[in-house]
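We count residues from 1, following the sequence as given. In each ligand, atom 1 is the first atom listed, and ligand 1 is the first ligand listed. FYI, side chains are in, hydrogens and waters are out, and symmetry mates aren't considered; it's all heavy atoms of this structure.
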Amino acid sequence: MEPVVLSLGGSILARDEVDTAYLRKLAKILIGMSSKYKFYIVTGGGKIARYYIRAGRELGADESFLDEMGIEVTRLNARMLITALGDHANHAPPKNYDEAVHAGRAHSIVVMGGVSPGITTDAVSALLAERVKAKRLVNATSVDGAYTADPKKDPGATRIPKMTHKELLELVSRSPSGAGPSNVFDPVGARVLERSRISLAIVDGLDLPNLRSALEGKEFKGTLVS
Ligand code: UTP
């Protein structure tokens with residue numbers, strides 16, 4: 001079965017609350033496709049992770065301790081998606097790549113969260129894609145692709161439908177560091193994708209038919225990095 005990796009942004013899973021209706025619909029689609037694809041899904045931390053990181057920073061925690069808090073939240077979100085997937089997925093989120101590979105031998109869908117401080121789940125998904133020899137990674141996020149500038153701040157920003165790995169690296173190297181939200185894709189993840197020539201589809205995760213097309217490697221609305 002063809003391995004496909006999905007990086008599912010925390011902002012998609014839980015905007016203000018956990019979006020159970022969305023999780024049900026997404027689970028149905030993934031289960032339906034799992035006879036053809038082996039899915040490895042990495043869930044992000046979203047607002048809850050940001051909330052903990054902000055509060056922990058105020059209380060004086062160091063950055064890597066804050067990262068550990070973020071990781072816990074990504075794993076909590078992984079458990080939520082696992083719940084929606086039932087017997088089709090692994091029971092508990094793997095804590096590293098070896099465990100994820102192992103889980104993939106027994107389950108058609110593997111769901112995990114973060115792994116180690118200093119990165120985000122985008123990088124985890126890129127490293128996992130390398131490990132399971134996936135040819136494509138789909139980043140389901142709250143924006144419909146990579147833009148020339150932040151579309152929330154710059155009304156003149158335009159979506160970039162296609163770019164090379166090098167162009168992605170240039171774009172993300174301008175992002176800030178430290179625990180908490182990053183840019184369109186984690187720079188560590190972008191470098192991993194470049195070195196292993198893994199394509200990246202950046203899509204709006206709430207648009208499920210479009211997400212499905214991207215997972216299948218078909219035409220989609222968003223940004224294709226290849
Ligand atoms: P996310 O992957 O959700 O990162 O992990 P993000 O960039 O902040 O969120 P989005 O994609 O913009 O919504 C949440 C936080 O958890 C820590 C980082 O601090 C990250 O910001 N984390 C996560 C790690 O340190 N290591 C990991 O492997 C994963």
Side-chain angles (χ1 to χ4, degrees), residues 5-19 22-23 26 40-81 93-100 110-131 137-147 150-153 168 171-193 200-206 211 222-223 225:
V5 178
L6 170 62
S7 177
L8 195 60
S11 52
I12 295 296
L13 291 168
R15 275 157 292 158
D16 289 319
E17 282 184 46
V18 176
D19 191 343
Y22 171 78
L23 280 173
L26 175 68
Y40 293 87
I41 306 170
V42 185
T43 51
K47 259 192 183 173
I48 310 291
R50 273 174 217 161
Y51 171 73
Y52 271 87
I53 288 169
R54 199 170 50 237
R57 194 176 276 132
E58 250 177 65
L59 291 171
D62 59 80
E63 291 300 309
S64 59
F65 193 81
L66 295 173
D67 281 339
E68 296 288 0
M69 285 194 189
I71 292 169
E72 298 285 351
V73 178
T74 63
R75 289 185 180 150
L76 191 61
N77 283 337
R79 281 191 192 270
M80 198 60 79
L81 179 59
K95 292 208 163 101
N96 57 51
Y97 307 100
D98 286 342
E99 283 183 22
V110 176
V111 186
M112 70 188 290
V115 169
S116 52
I119 53 173
T120 74
T121 48
D122 289 341
V124 173
S125 60
L127 288 158
L128 186 59
E130 259 189 346
R131 190 63 77 84
L137 166 57
V138 176
N139 184 29
T141 179
S142 53
V143 284
D144 62 352
Y147 278 74
D150 185 346
K152 283 169 198 145
K153 290 180 195 150
L168 176 70
L171 191 75
V172 299
S173 57
R174 293 181 235 143
S175 54
S177 60
S182 59
N183 215 323
V184 65
F185 204 76
D186 177 318
V188 177
R191 267 190 293 277
V192 172
L193 296 181
L200 170 68
I202 304 170
V203 296
D204 173 359
L206 292 179
L211 172 60
T223 298
V225 183

*Nearest-0.5 Å distance that lies between atom CG in Leu127 and atom CD1 in Ile119*: 6.0 Å
*Sole candidate of Val115, Thr120, Asn139, Val124 that passes side chain to side chain contact (heavy atoms under 4.5 Å, CB included) when paired with Val42*: Val124
*To which of Thr121, Ile71, Val115 does the heavy atom nearest atom 28 (O) of ligand 1 belong?*
Val115
*Where Ala190 and Leu168 come nearest, the two heavy atoms and their spacing*: CB-CD2, 3.8 Å
_Quick check: Gly45 and ligand 1, any N/O pair under 3.5 Å apart?_
yes
*Just jot down the ligand 1 atoms closer than 4.0 angstrom to any heavy atom of Gly44, in number order.*
3 (O)
*For ligand 1, which atoms have a heavy atom of Arg50 less than 4.0 angstrom away?*
9 (O), 10 (P), 12 (O), 13 (O)
*Are the side chain of Ser125 and the backbone N or O of Ser7 linked by a donor-acceptor pair below 3.5 Å?*
no
*Taking atom 29 (C) of ligand 1 as the point of reference, which of Gly114, Gly9, Ser125 owns the nearest heavy atom?*
Gly114
*Taking the side chain as C-beta and beyond, is there a heavy-atom pair between Asp16 and Lys47 under 4.5 Å?*
yes
*For the residue pair Met69 and Tyr52, what are the closest heavy atoms and their distance?*
SD-O, 3.9 Å
_Proximal atoms of ligand 1 relative to Gly118 (non-hydrogen, under 4.0 Å)_ = 25 (O)
*Can you tell which part of Ile53 has a heavy atom less than 4.0 Å from ligand 1: side chain, backbone, both or neither?*
side chain
_Lys95 and Met112: CA distance, side-chain angles, deciding distance, side chain to side chain contact (heavy atoms under 4.5 Å, CB included) verdict_ = CA-CA 7 Å; Lys95 292 208 163 101; Met112 70 188 290; over 6 Å; no
_Closest candidate by heavy atom, reference atom 5 (O) of ligand 1, pool Val188, Thr74, Asp122_ = Thr74
*Does the N or O separation between Glu68 and ligand 1 drop below 3.5 Å for any pair?*
no
*For Leu171 and Val184, what are the C-alpha separation, side-chain angles and deciding distance, and is it a side chain to side chain contact (heavy atoms under 4.5 Å, CB included)?*
CA-CA 9 Å; Leu171 191 75; Val184 65; 4.0 Å; yes
*Quick check: are there more than 12 heavy atoms from other residues, nucleotides or ligands sitting under 6.0 Å from CZ of Phe65?*
no
_Show me which atoms of ligand 1 lie under 4.0 Å from any heavy atom of Pro117._
25 (O)
_Test of proximity, Ile119 against ligand 1: N or O pairs below 3.5 Å_ = yes
_Before you tell me yes or no, could you show the steps for Val203 and Thr141 under side chain to side chain contact (heavy atoms under 4.5 Å, CB included), namely the whole-Å CA-CA distance, both residues' side-chain angles and the distance that decides it to 0.1 Å?_
CA-CA 6 Å; Val203 296; Thr141 179; over 6 Å; no
*asked:* For Met69, which part has a heavy atom under 4.0 Å from ligand 1: side chain, backbone, both, or neither?
replied: neither
_Distance-only N or O hit between ligand 1 and Asp67, under 3.5 Å_ = yes
*Under 4.0 Å to a heavy atom of Val124 - the qualifying atoms of ligand 1, by number*: 28 (O)
*Examine Ser116 against ligand 1 and note whether any of their N/O atoms are separated by less than 3.5 Å.*
yes
